[in-house]
Undergrad: 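The structure that follows is given in the form of structure tokens.
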Amino acid sequence: MAKINGKILIIDDEDDVLIAARLLLKQHYSIVQTLNNPEKITETILKENYDAVLLDMNFSTGNTSGKEGFYWLNRIMSLDSSVPVVMMTAYGDIELAVKAIKEGAMDFVLKPWQNEKLIATVNAAFALHQSKLEVKQLKVREKHLVNEIEKDFSEFIGKSPAILKVFNTIEKVAKTDANVLILGENGTGKELVARALHKHSLRKFEHFVSVDLGSISETLFESELFGHTKGAFTDAKEDRIGRFELATKGTLFLDEIGNLSLPLQSKLLTAIQSKQITKVGSSKVTNTDIRLICATNLPVYEMVQQQKFRQDLLYRINTVEIILPALRERIEDIAPLAEHFLHFYSKKYNKKNMRINPGTIKKLEHYHWPGNVRELQHAVERAVILCDTSIIQPSDFFFSLPEQKNISVNNSVKLEDVERSAIIKAISKHAGNISQASKELGLTRAALYRRIEKYGL
């Protein structure tokens with residue numbers, strides 16, 4: 001029989017007891033140490049980590065009060081509260097042993113002991129210690145996770161009235177269980193809002209389950225959301241827990257809910273209303289307890305009028321509605337967002353002391369950002385990677401602007417418009433190479449940079 005990888009400490013003033021206990025437990029545990037002098041308990045416990053401690057009740061000759069045992073029990077617990085302590089006592093000390101359990105001991109064994117009883121008691125102590133360690137590790141990991149994600153609204157950067165209104169709504173709604181519908185264009189941060197609602201809710205230590213409904217096919221919808229049993233269909237080789245069940249006691253985030261067909265909307269509505277689901281291939285009903293958050297970039301109210309989205313489902317999911325502004329509607333947030341992304345990516349790509357030219361910020365503020373914050377993030381990352389200096393210039397950002405066709409010099413077209421268009425085309429043609437672009441335009445690099453800054457390019 002393989003030995004358990006554990007460390008046991010036996011403390012008794014009688015060498016015969018120590019030898020007998022060590023010989024017995026050594027058959028089952030990899031490390032068994034003994035101690036016949038209780039005065040060495042402190043240094044021993046501080047030096048080593050034990051999975052269980054066997055502690056005698058009395059050490060002085062003729063002393064049967066058990067006071068010494070209580071003293072050293074409390075001492076051990078103060079040094080390492082996670083280690084289980086098993087008291088060893090003679091028949092006459094049973095009442096003291098019971099009192100010791102009330103004081104914090106895990107169990108007691110009688111001397112002389114029965115081998116099976118001693119082994120079983122130590123095994124139970126070992127198992128208890130392992131459970132305590134696992135719980136402690138989970139708490140540490142959980143605390144670390146919370147510290148990383150629970151930083152108020154650190155996911156959001158901005159001071160514009162539009163985004164501050166969103167922050168205010170999140171603060172008010174987060175600690176309730178109200179269903180929330182998040183509306184906004186792609187790239188505005190709908191999932192960030194959903195995660196913030198979860199992180200600041202009473203369910204923050206439970207699961208946050210995100211589902212992209214736009215990527216789930218009609219045939220797999222019920223299996224993904226409600227789960228299935230083994231053999232429910234051809235590829236169902238084992239039971240599967242659906243997202244509703246996985247999110248129970250936590251938060252379920254259904255992204256792109258506007259993409260659901262009417263039949264699937266009906267099935268979803270039934271699950272939300274009844275707070276029950278039935279796995280594919282089963283007739284058993286499972287209760288669910290979720291906080292529901294949905295999001296879409298589609299005009300759901302227009303879709304209701306067009307009978308493309310169920311009105312009763314819309315009413316069910318939008319107890320509270322959060323509308324995220326597009327980046328072009330919060331221009332004052334572009335600069336702090338760009339600085340935030342610059343700090344992150346300059347650190348990621350080991351490019352120290354990078355900063356953004358004021359003219360660059362002006363250019364960013366003049367761009368319309370169809371991809372919103374996500375597009376800005378990717379643009380800053382690309383600029384950090386490609387920039388050859390520590391200062392990001394306007395020329396380090398290239399945007400896919402609509403091509404201006406058939407521009408001619410006439411009374412309705414300003415000369416500045418023609419020059420701006422020519423510069424855009426030249427820079428685009430030469431993939432951002434300023435030297436080549438300036439040569440084609442017949443300008444010096446310095447002159448071209450001045451015009452780039454002038455036109456906010």
Side-chain angles (χ1 to χ4, degrees), residues 173 177-198 203 207-229 232-236 240-283 285-324 326 371-372 374:
V173 177
D177 263 352
N179 292 340
V180 179
L181 175 62
I182 307 169
L183 301 175
E185 297 177 6
N186 283 332
T188 50
K190 294 187 289 295
E191 184 166 349
L192 284 180
V193 172
R195 290 186 179 277
L197 287 166
H198 174 72
R203 298 170 179 258
H207 287 295
F208 175 89
V209 179
S210 177
V211 185
D212 181 3
L213 295 178
S215 65
I216 298 177
S217 67
E218 297 260 341
T219 54
L220 292 178
F221 175 83
E222 288 184 88
S223 173
E224 286 289 332
L225 264 66
F226 309 143
H228 63 246
T229 59
F233 48 87
T234 304
D235 294 327
R240 177 174 181 173
I241 295 176
R243 306 301 179 87
F244 266 81
E245 191 174 355
L246 183 61
T248 292
K249 297 189 181 300
T251 300
L252 179 63
F253 175 51
L254 301 180
D255 199 6
E256 304 300 346
I257 194 170
N259 291 349
L260 284 183
S261 67
L262 288 171
L264 297 186
Q265 290 176 33
S266 178
K267 293 177 180 179
L268 177 60
L269 177 61
T270 300
I272 295 171
Q273 287 179 327
S274 65
K275 296 184 179 180
Q276 293 179 331
I277 55 147
T278 303
K279 292 184 178 181
V280 178
S282 172
S283 58
V285 173
T286 302
N287 294 323
T288 62
D289 172 20
I290 62 167
R291 200 281 177 78
L292 182 66
I293 303 175
C294 300
T296 183
N297 65 332
L298 297 179
V300 284
Y301 288 97
E302 293 179 19
M303 293 172 67
V304 168
Q305 294 177 352
Q306 298 165 0
Q307 297 185 345
K308 295 180 180 178
F309 198 88
R310 293 181 61 115
Q311 189 175 51
D312 48 0
L313 176 59
L314 179 59
Y315 288 155
R316 178 66 63 173
I317 65 177
N318 77 334
T319 305
V320 176
E321 194 170 277
I322 297 177
I323 301 176
L324 287 182
N372 293 293
R374 186 183 297 133

Undergrad: Does any pair with a residue in residues 178-198 pass ring-ring contact (aromatic ring centres under 6.0 Å, His included), and if so which ones, sequence neighbours excluded?
TA: H198-F208
Undergrad: Can you find a heavy atom in the side chain of T296 that is under 4.5 Å from one in the side chain of F309?
TA: no
Undergrad: Checking side chain to side chain donor-acceptor pair (under 3.5 Å) for the pair Y315/Q311: CA distance, chi angles, key distance, verdict?
TA: CA-CA 6 Å; Y315 288 155; Q311 189 175 51; 3.1 Å; yes
Undergrad: Taking C-beta and beyond as the side chain, do F221 and L260 meet within less than 4.5 Å on heavy atoms?
TA: yes
Undergrad: Please report the shortest heavy-atom distance between I241 and L246, naming the atom on each side.
TA: CG2-N, 3.7 Å
Undergrad: Counting only N and O atoms by type, is there a donor-acceptor contact under 3.5 Å from the side chain of K190 to the main-chain atoms of D255?
TA: no
Undergrad: What's the spacing between I257 CD1 and D212 CG if we round to 0.5 Å?
TA: 12.0 Å
Undergrad: So does S266 get a backbone contact from the side chain of T270, meaning a donor-acceptor N/O pair under 3.5 Å?
TA: yes
Undergrad: Testing N179, L183, L254 for side-chain contact (heavy atoms from CB on, under 4.5 Å) with C294, which one passes?
TA: L254
Undergrad: Quick check on side-chain contact (heavy atoms from CB on, under 4.5 Å): which of V211, N297, I216 does E256 satisfy it with?
TA: N297
Undergrad: Just how far is it from atom CZ of R243 to atom CD1 of I290, taken to the nearest 0.5 Å?
TA: 13.0 Å
Undergrad: Would the distance check show the side chain of K308 and the main-chain N or O of V300 forming a donor-acceptor pair, the cut-off being under 3.5 Å?
TA: no
Undergrad: For a quick test of reading the model, state the closest non-hydrogen atom pair linking R310 to L262 and the distance between them.
TA: CG-CD2, 4.0 Å
Undergrad: Taking it one step at a time, do V173 and V180 satisfy side-chain contact (heavy atoms from CB on, under 4.5 Å)?
TA: CA-CA 8 Å; V173 177; V180 179; 3.6 Å; yes
Undergrad: Between side-chain atoms of residues 275-282 and protein atoms elsewhere (two or more places apart, or another chain), which donor-acceptor pairs fall under 3.5 Å?
TA:
| residue | atom | partner | partner atom | Å |
| --- | --- | --- | --- | --- |
| Q276 | NE2 | N287 | OD1 | 3.0 |
| S282 | OG | K284 | N | 3.0 |

Undergrad: Does CD in Q306 sit with more than 12 non-hydrogen atoms of other residues, nucleotides or ligands closer than 6.0 Å?
TA: yes
Undergrad: Where do A247 and L252 come nearest, in terms of heavy atoms and distance?
TA: CB-CB, 4.0 Å
Undergrad: Could you state the interatomic distance from CD (E218) to NZ (K267), rounded to the nearest 0.5 Å?
TA: 8.0 Å
Undergrad: Do D177 and R203 have side-chain heavy atoms sitting under 4.5 Å apart?
TA: yes
Undergrad: Would T286 and E245 satisfy side chain to side chain donor-acceptor pair (under 3.5 Å), going step by step from the backbone distance to the final call?
TA: CA-CA 8 Å; T286 302; E245 191 174 355; 5.0 Å; no
Undergrad: Within a strict 4.5 Å, meaning less than it, do heavy atoms of the L213 and L225 side chains meet?
TA: yes
Undergrad: Just so I know, are the side chains of N186 and N372 near enough to count as touching, which here means a heavy-atom distance under 4.5 Å?
TA: no
Undergrad: Can you tell me if R291 uses its side chain to pair, donor with acceptor, with the backbone of A178 under 3.5 Å?
TA: yes
Undergrad: Output yes when a side-chain donor or acceptor of T188 lies under 3.5 Å from a complementary backbone atom of E185, and no otherwise.
TA: yes
Undergrad: Holding to ring pair (Phe, Tyr, Trp, His ring centres under 6.0 Å), I want the full list of residues that pass it with F226, two or more places apart in sequence or in another chain.
TA: F244
Undergrad: Drop me the distance from I293's CD1 to I317's CD1, to the nearest 0.5 angstrom.
TA: 12.0 Å
Undergrad: Could you tell me whether the side chain of K249 reaches within less than 4.5 Å of the side chain of H207, counting heavy atoms only?
TA: no
